[in-house]
Engineer: 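One structure coming up, written as structure tokens, with questions to follow.
Fair warning: this is a prediction, and the values are worked out from it, not measured in the lab. Chain letters run A, B, ... following the sequence lines, proteins first and then strands; every chain starts at 1.
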There are 2 protein chains.
Amino acid sequence: MKYSSPYVPPTLTVDAVIFQLHGDKLEVLLTQRESDPFKGEWALPGGYNAVGSTTIEALTEIVLRKTGVDLDNDLAYIEQLYTFDTVARDPRGHAVSVTYMGCSRAITLGTGSQHAEFFPVDRLPNLAYDHASIITYAQERLAAKLTYTNAVSGLLDKKFTLSQLQTAYEAVMGRLLDKRNFRKKFLTLNLIHETPDTWRDGAHRPAKLYAFNSSSLEVLSRSFD
Amino acid sequence: MKYSSPYVPPTLTVDAVIFQLHGDKLEVLLTQRESDPFKGEWALPGGYNAVGSTTIEALTEIVLRKTGVDLDNDLAYIEQLYTFDTVARDPRGHAVSVTYMGCSRAITLGTGSQHAEFFPVDRLPNLAYDHASIITYAQERLAAKLTYTNAVSGLLDKKFTLSQLQTAYEAVMGRLLDKRNFRKKFLTLNLIHETPDTWRDGAHRPAKLYAFNSSSLEVLSRSFD
């Protein structure tokens with residue numbers, strides 16, 4: 001079909017999948033809907049993108065207003081995730097959502113966030129729209145990125161023990177890893193270095209603290225020469 | 001800002017970056033614009049996405065109409081690339097473009113394609129909109145994918161020599177690779193296997209033909225256990 005005037009675009013929305021690590025759980029930031037559709041249910045923070053704003057501008061404004069989280073300053077890392085466009089995903093009509101995925105070190109939600117909360121990804125409440133599948137997609141993307149980038153650094157403090165590193169991997173991948181193999185394989189990637197500092201957890205002997213070599217996203221691409 | 005009614009969405013468009021390999025050159029499919037803006041210049045095949053069609057549905061219809069290429073049947077591989085949303089990228093007004101990247105084995109453009117042509121990525125004509133930077137982004141994405149997936153298979157015949165494989169890598173990466181290192185490193189990935197067949201190119205002795213183990217996209221993720 002050719003579109004003769006008037007051309008009618010779908011609604012454009014933006015949504016954020018913001019992960020943090022809490023203990024040994026991967027958590028995602030949700031907001032409770034205050035109006036229909038899906039009133040009272042939880043959803044990714046997001047909303048309309050009107051003409052004149054880029055997707056990240058619209059999203060930054062909406063997430064700050066709905067949750068108090070500042071995408072510019074509170075995140076270690078954010079990237080465009082995917083554009084979801086199933087025609088029936090919003091009961092009000094065809095809405096295309098440009099989504100972003102971010103990682104943050106532990107965030108304390110402030111007073112502007114009475115309807116926002118982090119939930120463990122393995123114990124999510126009922127979610128509005130197709131947001132459950134968007135979160136699954138984001139977690140899979142993050143798990144894949146952990147195998148060829150230093151993206152896990154976005155979930156950890158600047159200095160961390162190898163146990164904390166492994167816990168972060170396990171939380172994202174949703175399964176336990178063998179400690180000896182994990183350490184051996186991870187250390188051969190040359191992404192991290194030992195610091196002079198140690199960390200003591202209760203009665204255990206002090207553990208060495210490590211840091212990532214690069215604070216920006218690094219891709220472990222294979223070179224062919 | 002909260003958007004009070006009436007909410008006005010940006011225009012939604014879709015564009016395709018379709019690569020093929022021609023000799024030792026990576027080429028991209030372009031169409032010549034028949035009307036303003038940018039009349040007579042070349043652009044990625046694309047157009048409007050109206051309410052009621054998903055992005056890939058709209059794109060499939062547009063690319064077939066403008067170039068004769070059928071995204072469903074002519075490509076080895078296609079994926080959503082990125083959503084470009086700079087407010088001023090279209091002189092007619094704010095238009096957000098959801099882009100896709102595909103790879104095809106050599107395509108012969110048919111009669112429905114008098115305004116469509118493949119151009120080598122290193123000798124592109126003047127391009128409309130921000131399409132030059134979209135092509136650069138797509139080529140970088142494809143080059144990155146070649147380091148951790150079997151995506152190069154989309155550009156090659158089902159059986160190929162190691163020289164043809166290396167030529168494909170060089171075309172995407174835009175630089176020459178050392179033959180011995182390339183072969184050694186690639187073969188350790190265990191993505192391909194020898195076939196019983198050989199290929200003879202003029203006076204050279206026959207070269208072994210290889211095939212990919214998997215015909216679907218395979219990701220070489222590092223395992224940590």
Engineer: Show your reasoning for whether side chain to side chain contact (heavy atoms under 4.5 Å, CB included) applies to A/L162 and A/F182.
Structural biologist: CA-CA 9 Å; A/L162 291 181; A/F182 176 79; 5.9 Å; no
Engineer: What orientation do A/Y7 and B/Y48 show, parallel under 30°, tilted 30 to 60°, or perpendicular over 60°?
Structural biologist: tilted
Engineer: How close do A/P9 and B/P10 get, heavy atom to heavy atom, and via which atoms?
Structural biologist: CB-O, 3.7 Å
Engineer: Is B/V8 in contact with chain A via its backbone, its side chain, both, or neither, using a 4.5 Å heavy-atom distance?
Structural biologist: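 Both parts, heavy atoms under 4.5 Å.
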Engineer: If the condition is side chain to side chain donor-acceptor pair (under 3.5 Å), which residues does B/S35 pass it with, not counting sequence neighbours?
Structural biologist: none
Engineer: For A/R180, does the CZ atom sit with more than 12 other heavy atoms under 6.0 Å from it, leaving out its own atoms?
Structural biologist: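 Counting neighbours around CZ of A/R180, 12 or fewer heavy atoms of other residues, nucleotides or ligands fall under 6.0 Å, so no.
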Engineer: Which pairs would a plain distance check flag for residues 20-27 of chain A, meaning a side-chain donor or acceptor within less than 3.5 Å of a matching protein atom at least two apart in sequence or in another chain?
Structural biologist:
from, atom 1, to, atom 2, distance (Å)
A/Q20, OE1, A/I107, N, 2.9
A/Q20, NE2, A/E27, OE1, 3.0
A/H22, ND1, A/E27, OE2, 3.2
A/K25, NZ, A/D122, OD2, 2.8

Engineer: Look up atom CD in B/E57 and atom OG1 in B/T60, then write down how far apart they are to the nearest 0.5 Å.
Structural biologist: 8.0 Å
Engineer: Indicate yes or no for a side-chain donor-acceptor contact from B/N150 to the backbone of B/E218 under 3.5 Å, with no hydrogens or angles considered.
Structural biologist: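 The answer is yes, because a donor-acceptor pair under 3.5 Å joins these two groups.
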Engineer: Sub-4.5 Å heavy-atom contacts with chain B: which residues of residues 69-84 of chain A show up?
Structural biologist: A/Q80, A/Y82, A/T83
Engineer: Under 4.5 Å from any heavy atom of chain A, what part of B/R175 do you find: side chain, backbone, both or neither?
Structural biologist: side chain
Engineer: Taking atom CG of B/N49 and atom OG of B/S97, what is their separation to the nearest 0.5 Å?
Structural biologist: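 These two atoms lie 9.5 Å from each other.
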Engineer: So if I take each residue of residues 11-18 of chain A and look for any heavy atom under 4.5 Å from a heavy atom in chain B, which residues do I end up with?
Structural biologist: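 Hits under 4.5 Å: A/T11, A/L12.
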Engineer: Atom CG of A/L155 and atom CZ of A/F160: how far apart are they, to the nearest 0.5 Å?
Structural biologist: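 That separation rounds to 11.5 Å.
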Engineer: For each of A/V96, A/T55, A/L177, tally heavy-atom pairs with chain B at distances under 4.5 Å, and name the one with the top tally.
Structural biologist: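 The residue among A/V96, A/T55, A/L177 with the greatest pair count is A/T55.
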Engineer: Could you tell me which of B/N181, B/D178, B/T54 has the largest number of non-hydrogen atom pairs under 4.5 Å with chain A?
Structural biologist: B/T54
Engineer: Which atom pair, heavy atoms only, marks the closest approach of A/Q139 to A/A171?
Structural biologist: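 Looks like NE2-O, 3.9 Å.
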